[in-house]
Amino acid sequence: MTDVDIASNSHWQEILDTLQLSKSVAEIDTHDIEGKEMVSLKMWEAFYYTYARWKGFSPRIDDTKSRKSDGEIYIRRWVCNKEGFRNEKFLNMPDRKRRPKEITRCGCQAALRILRLQKTNLWRCQEFVPFHNHDLVIPSQMQFTRANREVPEAVAAQVISMNRCGIKTSSVVAHIALQSGGLDIRVIPESLILTRWRKDVKTSSSTQVGEHSSEHQKMTQLSRFGALNAYSNSMNFFASHSEATFQMAKMELEKLNTIFRASYEEGHNSQNSQPTTTYRDNPNIIQDPVRVRTKGMASTNSRKGTNDGVQGGRQCTLCGGRDHNKRTCMRRTGV
C-alpha cells in the first residue's frame, strides 16, 4: 500500500507484513483479507480505520459479542457509517418541533467482521466487503470525515493554553495549521466563491495562487519548522508528566540546540551573509496583539481650541465664548 502515509499509523508496516499486502487501498479485494489472522483486536481496528481513512469513508462499530462469564470480546464487526436506513418512525413524526437532519444512510454493505479463535487466541477475518454504493471522500478532504476528526492530546493541551492566554480562535487555528506544514492553497474552490462578489473578483479568484512565487525556499523552511514543531509539541506533552522525563528532555534539547545552532551559524558564515530573519521574526511565533483605539470622542485634553491658540474648555452656544455656558452667558441675561 504505497498510497498510505505510514506516519499516520505507527503499526501500519507491521500490519502489512502480517496480512502480506502490497496492493493499493483501491485494489484490495475480499480474498485479500478474508481468512487472514492477526494477534490482537487493536491491530484489526487500526487496520480498518486506516484503510477507511485512505479509502474515503468513516467506519463505525456495528456488532460486538462477549462472553457472559468474563466479559471478553470474541466477535467484532465494523461497517460503513452509511450502512442501513433510518427508522421510519423518525421520518413520519406528526409532532415534530425541529427540522429533521439530512438522511445519510443509504444501505451500504461495506463491512469487516473478525472472530477470536479459542485454540490459538488469534483474531481471524470472517467477512470483508470492500464495495460501497455511494460516493467516497477524496483524499484531500479525508480529514473532515467523522472518524478522522480527532485532536491529539498534545495539540489539545496547546490549544487550551493558548485560549486561556486570550488568543482568539482564528489565530490559534492558523498557528496549528502552520505547525502541521501550513495551508497550501493553489486554487480557490468554486463552492467558496459567493454570489455577492464582484465580477472581477470572481474572475481573478480562478487564477492560481503562488504559482510563480519567489519565496519558495522560505516557504519550504517554514513548512519544515511547522513539522518539527508538531513533533516537539507531542514530545513536550509526554515529557512534562514527570520530573525525571522533564530533566531528560531538557538536557537532550540543550545538546541538540547547541549542535544545530553551530551548524546554522557555520553555514551563514561560509556564505559571508547574515541571516535574513531572526527567531522572533518568524511568522510561526505568535506576537503580541496590536492595540487598536476604540471608537468615540477624543479626550478634552487632546482637542485644540480656536484659531487664536487658546486650548481647552467648551464653547458657549450663544456667543462662542469660553469659561461659561448659555445659562450664564451675558448675552442671554442682558448684562
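Being a predicted model, the structure only gives us computed values, none of them experimental.
Here the straight-line distance linking atom CE of M162 with atom OG1 of T169 works out to 10.0 Å at 0.5 Å rounding. Rounding to the nearest 0.5 Å places CG of L117 at 9.5 Å from NZ of K119. We find the OH-CH2 distance between Y74 and W123 to be 10.5 Å, quoted to the nearest 0.5 Å. In this structure, K65 NZ and I73 CD1 are separated by 13.0 Å, a value rounded to the nearest 0.5 Å. How far OG1 of T50 is from CD of E45: 10.0 Å, rounded to the nearest 0.5 Å. Between the CZ atom of R76 and the CG atom of L41 there is a distance of 5.0 Å, given to the nearest 0.5 Å.
Remark: E254 CD is packed, more than 12 non-hydrogen atoms of other residues, nucleotides or ligands lying under 6.0 Å away. Heavy atoms from other residues, nucleotides or ligands lying under 6.0 Å from CG of N121 number more than 12. Around atom CZ of R67, more than 12 heavy atoms belonging to other residues, nucleotides or ligands sit under 6.0 Å away. Residue E127 qualifies as enclosed at atom CD: its count of foreign heavy atoms under 6.0 Å is above 12.
The closest donor-acceptor contact from the side chain of R113 to the backbone of D63 lies at 3.5 Å or more, if one exists at all. Under the 3.5 Å distance criterion, the side-chain polar atoms of N236 are left unmatched by any main-chain donor or acceptor of A239. A side-chain donor-acceptor contact under 3.5 Å links N133 to the backbone of C106. In this structure a side-chain-to-backbone donor-acceptor pair under 3.5 Å is present from Q109 to G107. Of the possible polar contacts, none joining the S263 side chain to the I259 backbone as a donor-acceptor pair under 3.5 Å is found. Under the 3.5 Å distance criterion, the side-chain polar atoms of K82 are left unmatched by any main-chain donor or acceptor of C108. Side-chain N or O atoms of D17 include none that pairs as donor or acceptor with a backbone N or O of E14 at under 3.5 Å.
Side-chain contact between P59 and Y51 is absent, with no heavy atoms from C-beta onward closer than 4.5 Å.
Closest approach of W44 to M38, counting heavy atoms only: CD2-CE, 3.3 Å. Contact record, K36 with L19: NZ-O, 2.6 Å, taken as the closest heavy-atom pair. For the pair T104 and R86, the tightest heavy-atom approach, listed with the atom from each and the gap, is N-NH2, 4.3 Å. When all heavy atoms are compared, the tightest approach of H324 to C316 is NE2-CB, 3.6 Å. Contact between N81 and R60 at its shortest, heavy atoms only, is CA-NE, 3.6 Å. Nearest heavy-atom pair across Q126 and L115 is NE2-CD2, 3.1 Å.
Note: the hydrophobic cluster containing L136 also contains V25 (ILVMFWY, side chain heavy atoms under 4.5 Å, direct or indirect links). No single ILVMFWY cluster, assembled from side-chain heavy atoms under 4.5 Å apart, contains both V129 and Y48. A single hydrophobic cluster is seen to contain both M43 and I61, as judged by linkage of ILVMFWY side chains at heavy-atom distances under 4.5 Å, directly or through other members. M248 and L256 sit in two unconnected hydrophobic clusters of ILVMFWY residues. Membership requires side-chain heavy atoms under 4.5 Å apart, directly or through other members. No continuous path of ILVMFWY side-chain contacts below 4.5 Å connects F238 to I160, so the two sit in separate hydrophobic clusters.
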>> Run the side-chain contact (heavy atoms from CB on, under 4.5 Å) test on I114 and W78 for me, step by step, so that the C-alpha distance in whole Å, both residues' side-chain angles and the decisive distance to 0.1 Å come before the verdict.
In response: CA-CA 9 Å; I114 59 175; W78 294 276; 3.8 Å; yes
> Can I15 and L21 be said to form a side-chain contact (heavy atoms from CB on, under 4.5 Å), step by step?
Replying inline: CA-CA 9 Å; I15 294 174; L21 290 177; over 6 Å; no
>> I'd like to know whether T64 forms a side-chain contact (heavy atoms from CB on, under 4.5 Å) with I75, so could you lay out the CA-CA distance, the side-chain angles of the two residues, the decisive distance to 0.1 Å, and finally the verdict.
In response: CA-CA 6 Å; T64 300; I75 288 180; over 6 Å; no
> K55 and I28: side-chain contact (heavy atoms from CB on, under 4.5 Å), yes or no, with the steps?
Replying inline: CA-CA 10 Å; K55 180 78 172 180; I28 294 180; over 6 Å; no
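Aromatic ring orientation, F47 versus F128: tilted (interplanar angle from 30° to 60°).
With respect to E72 and R116, a salt bridge is recorded, a charged nitrogen being found less than 4.0 Å from a carboxylate O.
Residues passing the ring pair (Phe, Tyr, Trp, His ring centres under 6.0 Å) test with H134 are H132, sequence neighbours excluded.
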